[in-house]
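One-based numbering along the sequence shown.
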Amino acid sequence: LKVRRAGATVGLKTAWPAVFAATLCGVAASMNIGKLAIALPAMREELGLTLVAAGWLVGMFNTIAMLAGIFAGIVADRIGALRFCLYAMITSATGSIIALAGTGGMMLLLSRAIEGAAFIAVAVAAPALVSVASVPSQRRLALAIWSCYMPVGIALAMLVAPPILASGGWRALWALVLVGGPIARSFPWWMRRRRLPKAYVTTSRCNACRWVSKSTMPASFAIGMSG
């Protein structure tokens, strides 16, 4: 892959650390999907949530993810995929903090809406980063690695949930996912500061975000229907 900047042609190669960093962000965001399903009975027992309220908790995340895909792509295209991915991870952490501080259904509902928006933002921005960080001959492999983010994130959350719920309740599980967010966020930040070539950062403001936002809409719709 070559990028022409200021009259000069600069040869680039696939930035695999950036590919894995973007994938890690997707895994961290996807853990917000897996954590609720297994923790919902404990949440209902502690907070006295009705079945209707529990349904809203599940549906809010999916609805926001389904509706916000195209808008996330537009914003990512304007401010840059890397920056947007960082903002999305911060937003996801904010949603988890609100849930930890919440004592009722409304606070949890607000937190799920925020986490849902953050998830679809990562789902739009991260593959755009993967695309611009890989050369054409290796792009399919890079995107194949990225495509594992959701099953890995959901499975990881459901794998660690039983012992965490038994020892510390659902808030401990939320805290664990909250800790995982900054760890994942530190990788793209480090790439931006230390290793990721500037050409990747500038070219992340490209039509890749628009393409990804369009291709993400069917997946977002499927997420919404699965709820």
Side-chain angles (χ1 to χ4, degrees), residues 18 20-40 43 56-69 71-73 75-76 79-102 106-130 146 148-158 160-161 164 170-192 204 209 212-213 216 219-220 223-224 226-227:
F20 288 109
T23 304
L24 186 59
C25 286
V27 170
S30 297
M31 290 183 71
N32 289 322
I33 301 177
K35 68 182 183 182
L36 180 65
I38 197 166
L40 195 56
M43 296 173 71
W56 274 103
L57 284 180
V58 176
M60 178 59 71
F61 188 101
N62 300 332
T63 301
I64 294 296
M66 180 177 64
L67 297 178
F71 302 104
V75 176
I79 70 174
L82 179 58
R83 185 179 301 174
F84 192 56
C85 189
L86 292 172
Y87 291 164
M89 296 303 296
I90 295 173
T91 302
S92 179
T94 302
S96 296
I97 292 173
I98 292 175
L100 288 173
M106 290 305 296
M107 291 288 286
L108 291 177
L109 193 63
L110 175 62
S111 73
R112 292 301 288 174
I114 294 174
E115 289 174 348
F119 169 79
I120 198 62
V122 173
V124 167
L129 285 175
V130 171
W146 153 256
C148 300
Y149 79 99
M150 186 180 293
V152 171
I154 294 176
L156 184 60
M158 300 189 75
V160 302
I164 298 297
W170 70 269
R171 295 181 191 274
L173 179 60
W174 257 244
L176 178 64
V177 176
L178 176 61
V179 171
I183 295 175
R185 185 171 64 248
S186 66
F187 281 92
W189 181 85
W190 183 73
M191 289 296 125
R192 185 180 186 185
S204 64
C209 292
V212 170
S213 67
T216 306
S220 302
I223 294 171
S226 67

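- Partners of W170 by side-chain hydrogen bond (donor to acceptor under 3.5 Å, both in side chains), not counting sequence neighbours, listed by chain and number: E46.
- Of all the heavy atoms in G116 and I64, the pair that sits closest is C-CG2, 3.7 Å.
- Note: M43 CE to L173 CG = 9.5 Å, rounded to the nearest 0.5 Å.
- Side-chain atoms of Y87 and V75, non-hydrogen and from C-beta on, never get closer than 4.5 Å to each other.
- Side-chain atoms of T63 come within 3.5 Å of backbone N or O of G59 as a donor-acceptor pair.
- Rounded to the nearest 0.5 Å, atoms CD1 (I98) and CG (L110) are 4.5 Å apart.
- Using a 4.5 Å cut-off on side-chain heavy atoms (C-beta onward), N32 and F119 make no contact.
- Pairing each heavy atom of A81 with each of A128, the nearest pair is CB-CB, 4.0 Å.
- Within the 4.5 Å cutoff, no side-chain heavy atoms of F84 are placed close to those of V122.
- Of all heavy-atom pairs spanning V160 and I164, the tightest one is O-CG1, 3.0 Å.
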Enumerate donor-acceptor pairs with a distance under 3.5 Å from any side-chain N or O in residues 22-31 to protein atoms, sequence neighbours excluded.
unit_1	atom_1	unit_2	atom_2	d
T23	OG1	V19	O	2.9
S30	OG	G26	O	2.9

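- Residues A93 and L178 approach most closely at O-CD1, 3.4 Å, considering heavy atoms.
- With rounding to the nearest 0.5 Å, the separation of CZ in R171 from CG in L100 is 7.0 Å.
- Panel note: side chain S111, backbone L108; a donor-acceptor pair is recorded below 3.5 Å.
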Q. Does the pair W146 and L129 meet the rule for a side chain to side chain contact (heavy atoms under 4.5 Å, CB included), with working shown?
A. CA-CA 10 Å; W146 153 256; L129 285 175; over 6 Å; no
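- Looking at R112, its side chain never comes within 3.5 Å of a backbone N or O of M60 through a donor-acceptor pair.
- Residues satisfying the ring-ring contact (aromatic ring centres under 6.0 Å, His included) criterion with W56, sequence neighbours excluded, are absent altogether.
- When all heavy atoms of A88 and A121 are compared, the pair lying nearest together is CB-CB, 3.6 Å.
- The shortest non-hydrogen separation linking V124 to A76 is CG1-CB, 4.5 Å.
- At least one side-chain heavy atom of L40 sits less than 4.5 Å from a side-chain heavy atom of V58.
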